[in-house]
Structure formats: structure tokens, C-alpha cells
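Take a look at the structure below.
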Amino acid sequence: MLNDPRSHGLWEKTAPLPPPAPRLAEYVSADVVIVGGGYTGLSAALHLAEAGVDVRLLEAAEIGFGGAGRNVGLINAGMWVMPDDFPKELGPVYGEKLLDLLGGAPYLVRELIEKHGIACELEKNGTLHCAVGPAGMKELEERARQWQKRGAPVTLLDSVETERRIGTRAYAGSLLDMRAGTLQPLAYARGLAHAAVKAGAKLHTGSAVISAGEASGRKVVTTAEGEVSADWVIVATDAYSTGPWETVRREQVHLPYFNLATVPLGDNLRRSILPNREGCWDTKEILSSFRMDQAGRLVFGSVGALRGTGTAIHKAWARRSLRRIFPQLGEVEFEAEWYGKIGMTDNALPRFHKFGKNVIGFSGYNGRGIAPGTAFGRLLARHVLGEVPETDLPLPPTEPKEPGLRALKEAYYEAGAQIAHFAGERF
Ligand SMILES: Cc1cc2nc3c(=O)[nH]c(=O)nc-3n(C[C@H](O)[C@H](O)[C@H](O)COP(=O)(O)OP(=O)(O)OC[C@H]3O[C@@H](n4cnc5c(N)ncnc54)[C@H](O)[C@@H]3O)c2cc1C
């Protein structure tokens, strides 16, 4: 995308084309203008258009340019935060409401994919959170207990069953979450865009919003060549936010995360490694993730940016790790490599922002945005339609607040990942 093979890597190679979305080059009026063409913005656009609302979506670059086109493709239920910590952090009412929304969000993703016939390599066989050592297993036991008491379909697997499913003895066990699964993330974003256009939404790419204000009682957002006036503005710019809502980006600490995709594996390897295609990640602090795509490529990722010295260090580490986790792989050949930035909030929970009357947005999904972005996008649409009052939203409105030493923390994450991977951290 934008001629950078390290921005969207494999996903750009294998995703179907997006719908035409011409640059905004006119002055127009709409009921709602949405800023940002990722999951949050596209889901909001789709649900508003389906309700007959006149909606314009403005995307600075291309559909899925932000996290939506670069991620691992794990459709998660919930966040990193333990379920019992939600009510502790947000109070019992918001806490349980948010857990409900996040727990059910993967089902919404499946429903939309099926309803709109989105070709995005959806796999519904769950995810495996993999325990590294006894400490990892202890964490998963607690996570399983907390989800199970809420009736979630999660099962703790021992090392034997984990080995059978993944094809490695590297893990002490794993937590199978049957709500979750995998998809091709850019194909999903582009599919949502097609569905939104079909429902009547008007999409514009190459149309960065550079200013926002009000005129004659209406909201006005301006791009280099055009302008939209509307009754509502939905801000769905998250970690890649530029322009008037830079504060959304500055509220987060960005964690770089890279992925490498092997060439398609042969039949024997595909029978031994993830034959059911669960999506996986582990319990380490500098975590690793892996999953199969539909063609049998193993997509392996971890914390780090593929730039400067990072490129060689992380790739060499990934080869070593893959050899240790999956000795049966032998020498691996990578066919694509890419990285992006994950927006982390200080309490690892998302945010609801009201930037002014009728200017609203959700953000800060902490590397868990496929299902939450889709669900929050629909919620924004329902709020605008008057179906969900502000008091029923699962988060209180908060002001974007820049964390102390943000730039330093980001530099530390990038350099720290290089040091850990160079020093030969075990997996
Ligand atoms: C490497 C990586 C791995 C990840 N892995 C996973 C995973 O496995 N599972 C998971 O659930 N989540 C994962 N995530 C997180 C997930 O991708 C994000 O949470 C999700 O994309 C957020 O969706 P969004 O629509 O809110 O924002 P985005 O997808 O980031 O979209 C925001 C869009 O807004 C646009 N924009 C910004 N400013 C402007 C402006 N001024 N005018 C117009 N447009 C603007 C951007 O160009 C961008 O396209 C990962 C993220 C990364 C980077």
C-alpha cells in the first residue's frame, strides 16, 4: 500500500480489491461523516447506511491502511486485561457491559462476514493462548476460571492436547477459546467497505481530514480538495490518527509489531502444524503469535519494527524461534514481511471520546481491534440512530490524556524488542 511492501505485506498480496472510493473533491452535505476507513469506521458506515442514513466516510490513505490491514488476524474475545479486572477498573456497571460487548463481538464479525458474503478466509476453530512454562499455565488457569464463571466457551488444554493441535512440545498447555478464530484482516476491511457501499454509504480514500469546525449549526470537516457538512462526526482514526484528532494518537503508547509469512507449507507440514488452523499467541511478556493463512503459509509475529537494525535482528530471531518451536519445518523461506503500530492505553482498555456535541469515537483497542472495532462501530451507529443512549454505552466518556514520557516509552519498546531478540530470547 502506498508502494511500501512492509506496510501490509501478505495481506495486500492476497486480499480481494477494495471498492472504488474516489478522493473527495467537492463540497457536500450528509447526515453523518465518518473519519477513518478501518473496522470502526467501516462498521459504523455499514450499519448507518443500512438504516437509510446518508453517510460519507473519509479515509486519509486507503481502506484498511491503519491497523485493520496490518494485523495478525486473530479475532479475539476480550482484552489482555483479566475479566475480573474490568469491573475493578470501570466499576461494576461499565465493567460488565464492556465484557458482554467484547465477549460477543467475535460472533458479530462472523455474522457480518456470512451476511455480506465477505471472502476473508474466516476460520471458526478458536484461538489457543499458549502457556510458556508453569507461570504461563498459572495465568491461563486463572483466565479460564474467570471466563468460565461467566459462561464463556473456553477450555484449558494440557500439554498433550496442545501438542496435538499445534504440532509442538514447546508449551505447557493452552487456553482454547471457541468464540475466537482467524481471518484475513485486510480482506475483511475491504469486504466491509464493499458491503457499506452496497448499502448506500459513500466512501472517499486519499481524503485526509485536515480541519474540523462548525458552520450554521452543522459540523464541517475539510480535506485538501473538499468539505463535508453533517449533523454528526464519527472519529474512527485510532492509532493512525492525524489531523484534528491527533490527541487520539497521542493518548496511546505505540507498540511496534511485525509479521513474517512463510511460503505455503507442504501437505505433511500442514497436517502436523495447526491442522485445525487455530490462531495462537503465547504468555511471554514479549509475546509471539502464529497462525496459518488459507494457502498454508505460517504467519509468525512478535514485538518489533522491521526498520533499521530491527529488520535483520527480528528476522534472524524468527528463524531461530521457528526452528525451536517447529523443528519439523527445517529451513524456512519468508515470502512477505510487514509491521505496524499497536495503540496501547494506560489501563489496557478502550476509550470513548466526545470531542464536542455530536462528535464521538471509540479507540484504543490494545492490539485487539478486529472484533471490538466492528462492535464499537455498530454501537456508534446505534447511538447516532437514537437506539442506544449515552448512558447505555459500555464506557464513560473521557478526555484524551497524553501519558508521561510517551515518546521515550515507544523508543524503549522498539529498542527493547531488538535487544531481547538479539540476545536470543528463547522462542
Ligand atoms: C501489527 C498489528 C497486529 C495486530 N494484531 C491484531 C490481532 O491479531 N487481532 C486484533 O483484533 N487486533 C489486532 N491489532 C489491532 C487492530 O488492527 C486495531 O485495533 C484495529 O485496526 C483498529 O481499528 P480502527 O478502525 O479503529 O482503526 P484503524 O484500522 O487503524 O483505522 C484508522 C484509519 O483512520 C485513518 N485516518 C487517520 N487519521 C485520519 C484523518 N485525519 N482523515 C482521514 N482518515 C484518517 C487511517 O489512515 C486508518 O486507515 C493489531 C494491530 C497491529 C498494528
Side-chain angles (χ1 to χ4, degrees), residues 1-2 6-9 11 24 33-45 57-80 102 105-106 109 127 180-183 185-186 188-189 192-193 203-212 221-224 228 233-246 248-249 252 254-259 279-281 287 289-291 299 301-306 338-345 350-351 361-377 380:
M1 229 180 258
L2 301 185
R6 286 212 181 108
S7 65
H8 297 75
W11 306 138
L24 181 76
V33 59
I34 297 171
V35 187
Y39 306 128
T40 309
L42 292 165
S43 171
L57 182 148
L58 304 178
E59 161 55 47
E62 295 182 34
I63 295 301
F65 177 76
R70 306 166 193 249
N71 65 64
V72 182
L74 304 172
I75 316 166
N76 294 300
M79 295 269 142
W80 302 106
L102 297 174
V109 172
T127 50
T182 63
L183 48 63
L186 182 59
Y188 175 52
L192 285 176
L203 274 45
H204 300 278
T205 52
S207 303
V209 171
I210 48 179
S211 69
V221 300
T222 311
T223 67
V228 184
V233 182
I234 289 179
V235 180
T237 51
D238 198 41
Y240 285 80
S241 202
T242 60
W245 299 286
E246 257 275 315
V248 172
R249 180 260 173 276
Q252 307 171 349
H254 285 174
L255 180 76
Y257 201 89
F258 69 89
N259 279 288
C280 302
W281 74 101
L287 81 153
S289 55
F290 50 91
R291 53 155 299 180
V299 177
S302 184
V303 179
L306 298 182
W338 68 102
Y339 73 102
K341 48 195 186 189
I342 294 179
M344 313 291 286
T345 57
R351 296 289 189 271
F362 284 102
S363 56
Y365 308 140
N366 291 272
R368 296 292 183 103
I370 299 174
T374 308
F376 281 124
L380 287 165

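Predicted, not measured: the structure shown is a model, and the values here were computed from it. Indexing begins at 1, ligand by ligand and atom by atom, following the structure's order.
Shown in contact with D238 at under 4.0 Å from a heavy atom are these atoms of ligand 1, numbered in order with element: 22 (C), 26 (O), 27 (O). For ligand 1 and V35, the ligand atoms under 4.0 Å from any heavy atom of the residue are 40 (C), 42 (N), 43 (C). Remark: ligand 1 atoms within the under-4.0 Å shell around heavy atoms of R70 are 1 (C). Within ligand 1, the atoms closer than 4.0 Å to a non-hydrogen atom of A208 are 42 (N), 43 (C), numbered from 1 in the order shown.
In this structure, G373 falls outside the shell of residues with a heavy atom less than 4.0 angstrom from ligand 1. Close to ligand 1: A236, with a non-hydrogen atom less than 4.0 angstrom away.
The shortest non-hydrogen separation linking L42 to G37 is CD1-O, 3.6 Å.
Atom 34 (O) of ligand 1 has its closest protein heavy atom at G36 CA, 3.3 Å. From the protein, the heavy atom lying nearest to atom 43 (C) of ligand 1 is A60 N, 3.2 Å. Summary of contacts: the protein heavy atom closest to atom 19 (O) of ligand 1 is G369 CA, 3.1 Å. In this structure, the protein non-hydrogen atom closest to atom 48 (C) of ligand 1 is E59 OE1, 3.4 Å. The protein atom (non-hydrogen) at minimum distance from atom 2 (C) of ligand 1 is N71 CA, 3.6 Å. Of all protein heavy atoms, the one lying nearest to atom 13 (C) of ligand 1 is G367 O, 3.1 Å. Of all protein heavy atoms, the one closest to atom 36 (N) of ligand 1 is T237 CG2, 3.7 Å. From the protein, the heavy atom lying nearest to atom 53 (C) of ligand 1 is K341 O, 3.4 Å.
Among the atoms of A68, some N or O lies under 3.5 angstrom from an N or O of ligand 1. Taking only nitrogen or oxygen atoms, main chain and side chain alike, I75 does not reach within less than 3.5 Å of ligand 1. Here's the thing with G67: one of its N/O atoms is less than 3.5 angstrom from an N/O atom of ligand 1. Looking at ligand 1, you'll find an N or O of V72 within less than 3.5 Å of one of its N or O atoms. Distances between N or O atoms of L74 and those of ligand 1 include at least one value under 3.5 Å. Considering backbone and side-chain N/O of P244, none are found under 3.5 Å from N/O of ligand 1. Residue contacts with ligand 1: Y257 is placed with no nitrogen or oxygen under 3.5 Å of a nitrogen or oxygen of the ligand (distance criterion only). At under 3.5 Å, not a single nitrogen or oxygen of E62, backbone or side chain, sits near a nitrogen or oxygen of ligand 1. Considering backbone and side-chain N/O of F362, none are found under 3.5 Å from N/O of ligand 1.
Residues T40 and Y365 have side chains in contact (heavy-atom distance under 4.5 Å, counting atoms from C-beta outward). The closest side-chain heavy-atom distance from M79 to L102 is below 4.5 Å. Two residues are said to be in side-chain contact when any heavy atoms from C-beta on lie closer than 4.5 Å; T242 and T237 fail this criterion. Contact of the F65 side chain with the R70 side chain is registered, since non-hydrogen atoms from C-beta on lie closer than 4.5 Å. Inter-residue side-chain proximity for I234 and V33 is flagged as unmet; no heavy-atom pair is nearer than 4.5 Å. Side-chain contact between H204 and V228 is absent, with no heavy atoms from C-beta onward closer than 4.5 Å. Residues T205 and I63 meet the side-chain proximity criterion, which asks for heavy atoms closer than 4.5 Å. Within the 4.5 Å cutoff, side-chain heavy atoms of Q252 are placed close to those of S363.
The backbone and the side chain of Y240 each have at least one atom closer than 4.0 Å to an atom of ligand 1 (non-hydrogen atoms only). At a 4.0 Å heavy-atom cut-off, ligand 1 touches L58 through the backbone alone. Neither the backbone nor the side chain of A189 comes within contact range of ligand 1; no heavy atom lies under 4.0 Å. At a 4.0 Å heavy-atom cut-off, ligand 1 does not touch L42 at all.
A donor atom on one side chain and an acceptor atom on the other are found under 3.5 Å apart for Y39 and N71.
Under the 30°/60° scheme for interplanar angles, the aromatic rings of F362 and F376 are found to lie parallel.
No donor-acceptor distance shorter than 3.5 angstrom exists from the side chain of N259 to the backbone of Y339, with no hydrogens or angles considered. T374 places no side-chain N or O within donor-acceptor distance of the main-chain N or O of P372, the cut-off being under 3.5 Å. Between the side chain of R368 and the main chain of N76, no donor-acceptor pair closer than 3.5 Å is present.
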Go through the steps for E59 and L203 under the test side chain to side chain contact (heavy atoms under 4.5 Å, CB included), then give the verdict.
CA-CA 8 Å; E59 161 55 47; L203 274 45; over 6 Å; no

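When the options V209, T40, N76, T205 are ranked by their closest heavy atom to atom 26 (O) of ligand 1, first place goes to T40.
Between the CZ atom in F258 and the CG atom in L306 there is a gap of 6.0 Å [rounded to 0.5 Å].
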